[in-house]
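Encoded as structure tokens, the structure appears first; notes follow it.
All values below come from the heavy atoms of this structure, side chains included, with hydrogens, waters and symmetry mates left out. In what follows, chains carry the letters A, B, and so on, assigned in the order in which the sequence lines appear, proteins first and then strands, with residues in each chain numbered from 1.
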Protein chains: 2
Amino acid sequence: MSYTYQYPRPAFAVDCVVFGLDEEHLKVLLIERDREPFAGCWALPGGFVEIDEAIDDAARRELAEETGVENVFLEQLYTFGAVDRDPRDRVVSVAYYALVNLLDHQLHAASDARQAAWFSVKRLPRLAFDHREILNLAQQRLRGVVRYRPIGFELLPRKFTLRQLQHLYETILDRKLDKRNFRKKILGMQLLEELGECESGVAHRAARLYRFDRRNYNQLVNKGFNFEL
Amino acid sequence: MSYTYQYPRPAFAVDCVVFGLDEEHLKVLLIERDREPFAGCWALPGGFVEIDEAIDDAARRELAEETGVENVFLEQLYTFGAVDRDPRDRVVSVAYYALVNLLDHQLHAASDARQAAWFSVKRLPRLAFDHREILNLAQQRLRGVVRYRPIGFELLPRKFTLRQLQHLYETILDRKLDKRNFRKKILGMQLLEELGECESGVAHRAARLYRFDRRNYNQLVNKGFNFEL
DNA sequence: CCAAAAGTGTTTCACGTACACCCATGC
DNA sequence: GCATGGGTGTACGTGAAACACTTTTGG
């Protein structure tokens, strides 16, 4: 089966930069490619868009197929279309970034990925194609976006402590924050619902658990509220 | 001549949302389509990307071909890829937004445009395809971006008065600003070079002319400065 | 001389920032 | 009992916001 057009067309792909957070680092989900070009090289999960498939859907599908990750926060990042970014053919790729809670997802490599694994953004292997450039832009976007939209929560479990939340911002923004000022500010926004529970299994005083109150956030936005770290 | 591929491929286009500013309104540059679909309908300038052409280059080329507008500030906005956004065929379009000084550009409709004209964003005709959606997103992006990047200047002549600059922000952000506070803040940033000249031909006291000091802005950024309105 | 916009300072208030100690828990 | 992080309040300074009058120019 083949398809013929009057003018040549680029191939059309998606790539996903999936961020996760552990106790130490900001991490990104990579796959080891099973095919040429760059077979054996680490790369962003992604692949070609089907002809009857919206781009966002393609990003979610490829992510699920190659890594097992599903139902996550996903937004378009940028479209990369340098003529020579793929050695085989002209390939235009719409890059997405996703935020997930690391522990929620069992990784299942499949499709044309040999394996899928988390890498610290500070210790990355060599990446295929222009994926390093895509990743850099995604990290930059993430830094910009967490400061004025409450999406950092996507990286945490549904119930989390203020310590975890502060650690999240410190990791992404790459600077220390003052504990008292952070708590004052974030609690003052009325976006966190205190659950009346505490964490357990820690070798120190257990911290209170909170969750992001999306309903109240939406109401506040309607009244003109702007989240800002 | 024709081109054959193993899998079907979307057609691949660009569209440009070109903003300009006059004494009254924020305006956008539209073309009247000469061909089906939507012949006779107003639309964003744009067209198909050549196979050996970077996407940005395609946006600039189409803009020049269809409207005569060249050498402008142009950035990628978003990629639109709904399956049914074009009735003929699957077409993915990378949208760009551009900022120009209205008076610098003589409009020359050509290529597949019958005419090109400026429309106030508050009084728009019906637009082809999903161009209204693209335009809305562009306007939203513009509002977001002028507040923390000094790109508003792209909409003004090289020499401008503080009045014009304030009017620009009031128009884009759609709210009144306090004259004294605005002047204090913008002059305090040391981004404007006073030219020692005044405007002429006005029926009131002539205002001083300034220009944006890009060199100094770049230096300040290197020292950690962040523009913020 | 009238209309129209240019240009200019001060006060007030909110918010960001800096900073240190006691408390609860697990081991 | 000790190590580890949890949790809390205040003082200071900067910057945003509110606000009105005089000056200049063209017609």
Sequence neighbours excluded, every pair satisfying salt bridge (Lys or Arg N to Asp or Glu O under 4.0 Å) that has a member inside residues 14-25 of chain B: B:Asp15-B:Arg85, B:Asp22-B:Lys27
Using a 3.5 Å cut-off and no angle test, enumerate the donor-acceptor pairs between side-chain atoms of residues 182-194 of chain B and protein atoms at least two apart in sequence or in another chain.
unit_1   : atom_1 : unit_2   : atom_2 : d
B:Lys184 : NZ     : B:Asn181 : OD1    : 3.4
B:Glu193 : OE1    : B:Arg211 : NE     : 3.2

Distance, nearest 0.5 Å, that separates CD of B:Glu170 from CZ of B:Arg175: 9.5 Å
DNA chain C: 5'-proximal contact among A:Val202 and A:Asp178 (nearest heavy atom): A:Asp178
Partners meeting ring pair (Phe, Tyr, Trp, His ring centres under 6.0 Å) with B:Phe129 (sequence neighbours left out): B:Phe38, B:His131
Atom pairs and distances, side-chain donor-acceptor, residues 104-115 of chain B, under 3.5 Å, sequence neighbours left out:
unit_1   : atom_1 : unit_2   : atom_2 : d
B:Asp104 : OD1    : B:Asn101 : ND2    : 3.2
B:Arg114 : NE     : B:Asp34  : OD1    : 2.8
B:Gln115 : NE2    : B:Glu32  : OE1    : 2.6

Of residues 157-169 of chain B, the positions that come close to DNA chain C - non-hydrogen atoms, cut-off under 4.0 Å: B:Arg163
First and last nucleotide of DNA chain C, 5' to 3', lying under 4.0 Å from heavy atoms of chain B: C:dA4 to C:dT10
Summary of salt bridge (Lys or Arg N to Asp or Glu O under 4.0 Å) pairs that have at least one residue in residues 62-71 of chain B, sequence neighbours excluded: B:Arg61-B:Glu65
Non-neighbouring partners of A:Glu199 that pass salt bridge (Lys or Arg N to Asp or Glu O under 4.0 Å), sequence neighbours left out: none
Considering only distance and modelled atom types, tabulate donor-acceptor pairs under 3.5 Å from the side chains of residues 145-158 of chain B, sequence neighbours left out.
unit_1   : atom_1 : unit_2   : atom_2 : d
B:Arg149 : NH1    : B:Glu75  : OE1    : 3.3
B:Arg149 : NH1    : B:Glu75  : OE2    : 3.4
B:Arg149 : NH2    : B:Glu75  : OE2    : 2.5
B:Glu154 : OE2    : B:Arg214 : NH2    : 3.3

Where B:Leu74 and B:Ala98 come nearest, the two heavy atoms and their spacing: CD1-CB, 3.7 Å
5' to 3' contact window, DNA chain D with chain B (heavy-atom distance under 4.0 Å): D:dA16 to D:dG26
Proximity of A:Phe227 and A:Phe225 rings by center, below 6.0 Å: no
Contact list for DNA chain C against residues 183-201 of chain A - heavy-atom distance below 4.0 Å: A:Lys184, A:Lys185
Donor-acceptor contact below 3.5 Å, side chain A:Thr67 vs main chain A:Val69: yes
Results of salt bridge (Lys or Arg N to Asp or Glu O under 4.0 Å) for B:Arg180 - residues two or more places apart only: none
